[in-house]
Amino acid sequence: MIRMTEPSKITSVPDHQPAAGGIAARARASVGPKYLSGLNPEQRDAVETLDGPVLVLAGAGTGKTRVLTTRIAHILSQGRARPAEILSVTFTNKAAREMKHRLGQMLGHAVEGMPWLGTFHSIGGRILRTHAELAQLKSNFTVLDTDDQVRLLKQLLQADNIDEKRWPARMLAGLIDGWKNRGLTPSQVPSGEAAVFANGKGGKLYASYQERLKILNAADFGDLLLEDIRIFREHPDILRQYQQRFKFILVDEYQDTNVAQYLWLRLLSQAPASPSFTSPRVRGEVASQSDAGEGGSPQTELVETAPQPDPLSASGARHDSVKDGEREKPHVKNICCVGDDDQSIYGWRGAEVDNILRFDHDFPGAKVIRLERNYRSTGHILAAASHLIAHNEGRLGKTLRTEDHDGEKVTVTGSWDSEEEARGIGEEIEQLQRQGEKLNEIAILVRASYQMREFEDRFVTLGLPYRVIGGPRFYERAEIRDALAYLRVINSPADDLAFERIINVPKRGLGDATVQMLHDHARKRRIPLFEAARAVVETDELKPKARGSLRDVVAQFDRWRAQREVTAHTDLAQIVLDESGYTEMWQKDRSADAAGRLENLKELVRSMEEFENLQGFLEHISLVMDRDGGAEDDAVSLMTLHSAKGLEFDNVFLPGWEEGLFPSQRTLDEQGRAGLEEERRLGHVGLTRARRRAKIYFATNRRIHGTWSTTIPSRFLDELPSANVEITESKGGSAWGGTGGYGASRFDDMEAFGSTYSTPGWQRAQANRNRGGGRSGGGQGGFEEQASSFSSSSGPDFGSFSSRRRGPMTIEGELVAKSTGTTSEFSLSDRVFHQKFGYGRVTKIDGNKLTIAFDKAGEKKVVDSFVQRA
DNA sequence: TCTCCTACGTTTTTT
DNA sequence: ACGTAGGAGA
């Protein structure tokens, strides 16, 4: 980590002004310190406009992070604030790390002194720990993740005799999350909404969930912000303290903020004022009835109320029911939000695009700066992306431009089915590789993760190195959560959830019956589960076997707790894992991923070194633990469009542009037009990830949940500008032939797409289908029509697909032919292990290509370097 | 208490 | 089609 101290130490600022000289310093900004050089005028404006609210609309690839970090450097070098007086929030740890890193580079050394640069949740959590007692918590409270949350809710549902089949805990967790995202405490949830769960019990369950959290000394992610908000509202003195501390606020990805985050920011961004003077603007209705249970301090009703988001009302309507005369301009201080409404893709988890669309309303006098110069993509790619996103209505409107050359056109390629799509992309990647492209500069961005499988299969077969980005987070893996549960029980004996998780892991003969008994005991005596266990062991309520094992468990934990005093926390963790039999459990496990799990456990112990002690480790683990890195090797990246946000690659493959998949039918059903716009933004994000090549694909047939469906090309294809797009032919090599028999009945489903009946996309699909399904008449009427909708270029049109269809059934033929001929070090019927497919037996060898019958995954062709002897 | 079978639910993801 | 979670039976 880096240390950043006083502004005077900043190297890249040769002769800055002393701390008091802010104004003078600004006056000479036109000369400008070194770090400002290389910024374009808009960027520079965004960096130098330090006073008042600023919204920077930063399109994709316009240097957003650079602006943010340079702005911080500027604030520091101008002596306007010390590092600890700048609040700088991001959404992800990755983004926070990136900023720290860039800042460190820019400043030459130094960043540990930015204590308030972090994610919303980590900063919210830190504030909450400081005032934990005001939320009936202790400062060492546990942060529960979704899993713990659901288990806790399950217990509540059981206690309330609610049928979990009808009212799943997951659903309740989702509702509660949603309420918290909107800044609603139990008493503020509109009664109609609270009633939808379990015949009106929803609100009560939320309330008792909160109570249980306090008893467990735990908070969920939502609480990290919501409890802050409550504390700020109920304790103006504390709020003022933070308002005074933070001279500058910077927010990254503002378009992704939810209501709770907005409220949190708003509270902090008001200039500190003496209580009698405070007159914050009220957003939403003034002290609505839902505010009833809250209140107390005179300030409470003045400070804003959570808006009740009402998608139906126009955005203006829900605003400011306060008369203009009453609405003094809030004293907002220096807040700078950076975002891009065109990249808002998290509406489904509570992000309010409205926050950014309404910025200048919420922060009157805001200066809006648009960054529209794109430094990433070539002309064609940028034009395609811009044209696509221009179909959205609810935009602030930006026009991205580039000074780069046009480059290659965006390609659109159709394939018969998803397998051919994967095959074709595989070939194109190999071709790019031959042209000297780095695999690290190639990414495949899918809409849904199930699309990844086909590519993985294909790449394994080809021996093409790839890496999946995203997927389950490190600390979400079962073995990590188990290990953490052990440590949590050691650290805080009242952590019932953790104790319950590992009481019978590994198997100790302490099953449901025992746990139930402990629960009863604990509830009766109002003591934690662990203490109940200790007490029960002294009685003869349990069968001797269970009693013995429970006694051992209690004794073990007592011993570990004692050892904690004298043992380094990493050593302790190792001891716990060994003595508990947990490591052994996985060593004995013969399943495919056991080895990986043991590896993960080692990694966990290693990662503990970065922390001072067990307590510190546990406090941060759920907030900052990251997925395993190891991105050293040259490999193709495979990820969802969502996880691609913020990344860029020379070559981007965008498969699966089909109605129903992309745009996702479900989003359309659930969110209607807003959903469609969000999907379109997703497309825009996908395209703008590409620097030099963007390649779009659609398949005519795709297997969804097991059954094959005929699909039609995405309407987004029709929204691409023909001048920048080229239709190409699939290089899939098509092993097509046996599958026929798609009846016309498939088209009955098309009603689902209702309004698309008349679009060129639909007609194109129909033409395709007629050719594919009937395989009789190629090139039906609508076809030329659609081709003209792309108006396109020289490339072969879709008609030529049919001629390719009947190619010989090569299956994996080419692949085998391509094998290097070197003899494999494996022999027939060798027992082998593969990272992904697990254990198996070699059934066929061809050069370095092995055919392996996997125990779990079935028969696969694999390059020998991907397996090892078992 | 453990194991096997059935039934369900399958977009996106952070903290 | 497939993986998992929860329930029923050994």
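As the structure is a computational prediction, the values presented were derived from the model and not from experiment. Every chain is numbered from 1 and lettered A, B, ... according to where its sequence line falls, protein lines coming before strand lines.
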Donor-acceptor contacts under 3.5 Å from residues 120-131 of chain A side chains, at least two apart:
residue: A:Ser122; atom: OG; partner: A:Thr119; partner atom: N; Å: 3.1
residue: A:Ser122; atom: OG; partner: A:Thr119; partner atom: O; Å: 3.3
residue: A:Ser122; atom: OG; partner: A:Thr119; partner atom: OG1; Å: 3.0
residue: A:Arg126; atom: NH2; partner: A:Pro115; partner atom: O; Å: 2.9
residue: A:Arg129; atom: NH1; partner: A:Ser139; partner atom: O; Å: 2.9
residue: A:Arg129; atom: NH1; partner: A:Phe141; partner atom: O; Å: 2.9
residue: A:Arg129; atom: NH2; partner: A:Phe141; partner atom: O; Å: 3.3
residue: A:Thr130; atom: OG1; partner: A:Arg126; partner atom: O; Å: 2.7
residue: A:His131; atom: NE2; partner: A:Tyr242; partner atom: OH; Å: 2.8

Rounded distance in Å - CD (A:Glu164) to P (C:dT4): 20 Å

Between P of B:dT15 and CG of A:Asp256, the distance in whole Å: 12 Å

Salt-bridge present (A:Arg458, A:Glu454; N to O < 4.0 Å): no

Salt-bridge criterion met for A:Lys64 and A:Asp340 (N-O under 4.0 Å): no

Carboxylate-amine/guanidinium contact A:Asp482 A:Arg501, below 4.0 Å: yes

Integer-rounded Å distance: B:dT15 C1' and A:Asp252 CG: 15 Å

d(CZ, A:Arg349; C1', B:dT14) in whole Å: 4 Å

By ring-ring contact (aromatic ring centres under 6.0 Å, His included) - contacts of A:Tyr450 (at least two apart): none

Sugar-phosphate only, base, or nothing, as touched by A:Glu253 at under 4.0 Å among non-hydrogen atoms: nothing

Whole-Å C1' distance, B:dT13 and C:dC2: 22 Å

Touch class at under 4.0 angstrom, heavy-atom based, for A:Lys180 against every strand present: nothing

Between the protein and nucleotides 1-4 of chain B, list every N/O to N/O distance that falls short of 3.5 Å.
residue: B:dT1; atom: OP1; partner: A:Gly509; partner atom: O; Å: 3.1
residue: B:dT1; atom: OP1; partner: A:Gly511; partner atom: N; Å: 2.7
residue: B:dT1; atom: OP1; partner: A:Thr514; partner atom: OG1; Å: 3.3
residue: B:dT1; atom: OP2; partner: A:Ala513; partner atom: N; Å: 3.3

For atom CD of A:Glu227 and atom C1' of B:dT15, their distance in whole Å: 16 Å

With the criterion being N/O to N/O and under 3.5 Å, what pairs connect the protein with nucleotides 5-12 of chain B, and how long is each?
residue: B:dT11; atom: OP1; partner: A:Arg666; partner atom: NH1; Å: 2.1
residue: B:dT11; atom: O2; partner: A:Arg447; partner atom: NH1; Å: 3.0
residue: B:dT11; atom: O2; partner: A:Arg447; partner atom: NH2; Å: 2.5
residue: B:dT11; atom: N3; partner: A:Thr667; partner atom: OG1; Å: 3.2
residue: B:dT11; atom: O4; partner: A:Glu670; partner atom: OE1; Å: 3.4
residue: B:dT12; atom: OP1; partner: A:Ser449; partner atom: N; Å: 2.7
residue: B:dT12; atom: OP1; partner: A:Ser449; partner atom: OG; Å: 2.1
residue: B:dT12; atom: O4'; partner: A:Arg447; partner atom: NH1; Å: 3.2
residue: B:dT12; atom: O2; partner: A:Trp348; partner atom: NE1; Å: 3.4
residue: B:dT12; atom: O2; partner: A:Arg447; partner atom: NH2; Å: 3.0

Spacing of A:Lys94 atom NZ relative to B:dT13 atom P, expressed in whole Å: 13 Å

Counterpart residues, salt bridge (charged side-chain N to carboxylate O under 4.0 Å, His left out), relative to A:Glu679 (two or more places apart): A:Arg447

Output field: ring centroids A:Phe716/A:His391 closer than 6.0 Å: no

Ignoring hydrogens and angles, write down the donor-acceptor pairs under 3.5 Å from the side chains of residues 158-175 of chain A, residues two or more places apart or on other chains.
residue: A:Gln158; atom: NE2; partner: A:Glu164; partner atom: OE2; Å: 3.1
residue: A:Asp163; atom: OD1; partner: A:Lys165; partner atom: N; Å: 3.0

B:dT15 OP1/OP2 closer than 4.0 Å to side-chain N/O of A:Asn93: yes

Protein-nucleotide distance (A:Asp457, atom CG; C:dC2, atom C1'), rounded to Å: 13 Å

A:Leu641 CG to B:dT13 C1', straight-line distance once rounded to whole Å: 13 Å

Pair A:Arg423 + A:Glu419: basic N to acidic O under 4.0 Å: yes

